[in-house]
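Model, not experiment: these values are computed from the prediction.
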Amino acid sequence: SSGINAEYGDGEPFPPKSPDRILNLECSSGDLENVLIELIPHLQVAAPELMMNKYNEIRLVVPELVCSMIIGKQGINVKNIQKDFRSFVQVHKDPLPYSSEFVVSLTNKDVSCLAASVNRIYESIQSIKSISHVTMFNPIVWFPGEFSDTDS
C-alpha cells in the first residue's frame, strides 16, 4: 500500500464534462508531489494535446485561517513560490459559498514545478490547519460568477 487515499467529491459521479472537480488527497508531503505530477495533466479541462505551451492549473480549497500563512508577511511566501518555481499563486478574496474555505489558484507551464508549489503550500500550513473548526465546502451547482470572484 502506498499510503495514499483519493476521494472524488462526495463519492457521486461528476456531470459529464464538468470543468470543476473536488479531489481529496490524503498522503504524506513526500508522496503528494509525486502523486500531483501524475494527476495534474489529467485534471486539466482541455485535452492534453491542446495543453502544449499553455499553463496547467490547480485550485486548492483551504480554510480561511491558513490564507495568511500561504501569503506570508508582505506576500513573502507567494513571492518565494514565484521565484523558486515560477508558479503564479492567487489567494481568492471571497470564500466558497456557505463555507469558511477559500480557493488558492496555482498555475505553471511545468507540471513538476506546479506540484512542488502545491507541496510547499501544503507543508507551510500543516502546523495550523487542525487548530480551529472549519465549515467544509460542500460542492453544489451554481452558475459561473454567481458567488463573486471564486473563478466559478
Side-chain angles (χ1 to χ4, degrees), residues 1-93 95-96 99-140 150-152:
S1 167
S2 64
I4 298 169
N5 182 28
E7 237 177 61
Y8 293 93
D10 58 3
E12 294 294 318
F14 288 102
K17 300 184 180 183
S18 173
D20 291 315
R21 293 167 175 81
I22 300 290
L23 173 66
N24 297 318
L25 290 175
E26 293 179 24
C27 59
S28 69
S29 65
D31 288 334
L32 179 61
E33 198 167 328
N34 293 327
V35 168
L36 288 173
I37 289 169
E38 295 296 320
L39 276 177
I40 289 171
H42 301 286
L43 298 175
Q44 304 309 301
V45 174
E49 62 273 7
L50 298 176
M51 290 301 296
M52 293 182 72
N53 298 321
K54 300 212 175 172
Y55 286 89
N56 295 290
E57 178 183 21
I58 192 162
R59 297 178 195 163
L60 309 177
V61 177
V62 300
E64 178 180 20
L65 67 144
V66 302
C67 290
S68 61
M69 291 182 75
I70 291 170
I71 296 167
K73 190 173 184 174
Q74 297 181 335
I76 191 68
N77 295 342
V78 170
K79 290 174 187 172
N80 284 337
I81 289 171
Q82 290 172 334
K83 181 180 65 124
D84 295 345
F85 306 112
R86 299 173 316 280
S87 291
F88 175 76
V89 180
Q90 180 183 10
V91 178
H92 294 263
K93 64 180 181 171
L96 289 164
S99 172
S100 59
E101 294 181 304
F102 286 72
V103 172
V104 178
S105 298
L106 294 99
T107 56
N108 195 312
K109 287 184 178 182
D110 183 274
V111 171
S112 297
C113 288
L114 184 56
S117 301
V118 171
N119 199 45
R120 170 88 53 93
I121 289 173
Y122 175 81
E123 289 174 344
S124 74
I125 65 175
Q126 288 309 299
S127 64
I128 194 169
K129 74 177 200 167
S130 63
I131 292 175
S132 178
H133 173 72
V134 175
T135 303
M136 302 294 281
F137 173 63
N138 184 15
I140 56 174
T150 61
D151 256 1
S152 300

Let me have the donor-acceptor pairs involving side chains of residues 33-41, under 3.5 Å, with sequence neighbours excluded, atom names and distances please.
unit_1: E33; atom_1: OE1; unit_2: N119; atom_2: ND2; d: 3.3

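Applying the side chain to side chain donor-acceptor pair (under 3.5 Å) criterion to S117, with sequence neighbours excluded, gives S87. Qualifying side-chain contact (heavy atoms from CB on, under 4.5 Å) partners for C67, counting only residues two or more places apart in sequence or in other chains: V62, V91, F102.
Taking CG of N108 as the reference point, atom CZ of F88 lies at 12.0 Å (rounded to 0.5 Å). A distance of 13.5 Å separates OH of Y55 from CG of L106, quoted to the nearest 0.5 Å. Taking NE2 of H92 as the start and CG of L60 as the end, the distance is 10.0 Å to the nearest 0.5 Å. Taken to the nearest 0.5 Å, the CG atom of L114 stands 8.5 Å off from the CG atom of D110. To the nearest 0.5 Å, atoms SG (C113) and CZ (R86) are separated by 4.5 Å. The CD1 atom of I58 sits 11.5 Å away from the OG1 atom of T107 when rounded to the nearest 0.5 Å.
For K79 (side chain) and Q74 (main-chain N/O), a donor-acceptor pair under 3.5 Å exists by modelled atom type. Of the possible polar contacts, one joining the N56 side chain to the K109 backbone as a donor-acceptor pair under 3.5 Å is found.
Between Q82 and V89, the shortest heavy-atom contact is NE2-N, 4.1 Å.
Within the 4.5 Å cutoff, the side chain of I70 has heavy atoms near those of the I125 side chain. Between P95 and E101, the closest side-chain pair of non-hydrogen atoms is not below 4.5 Å.
For the salt bridge (Lys or Arg N to Asp or Glu O under 4.0 Å) condition, the pairs that include at least one residue of residues 116-125, sequence neighbours left out, are D84-R120.
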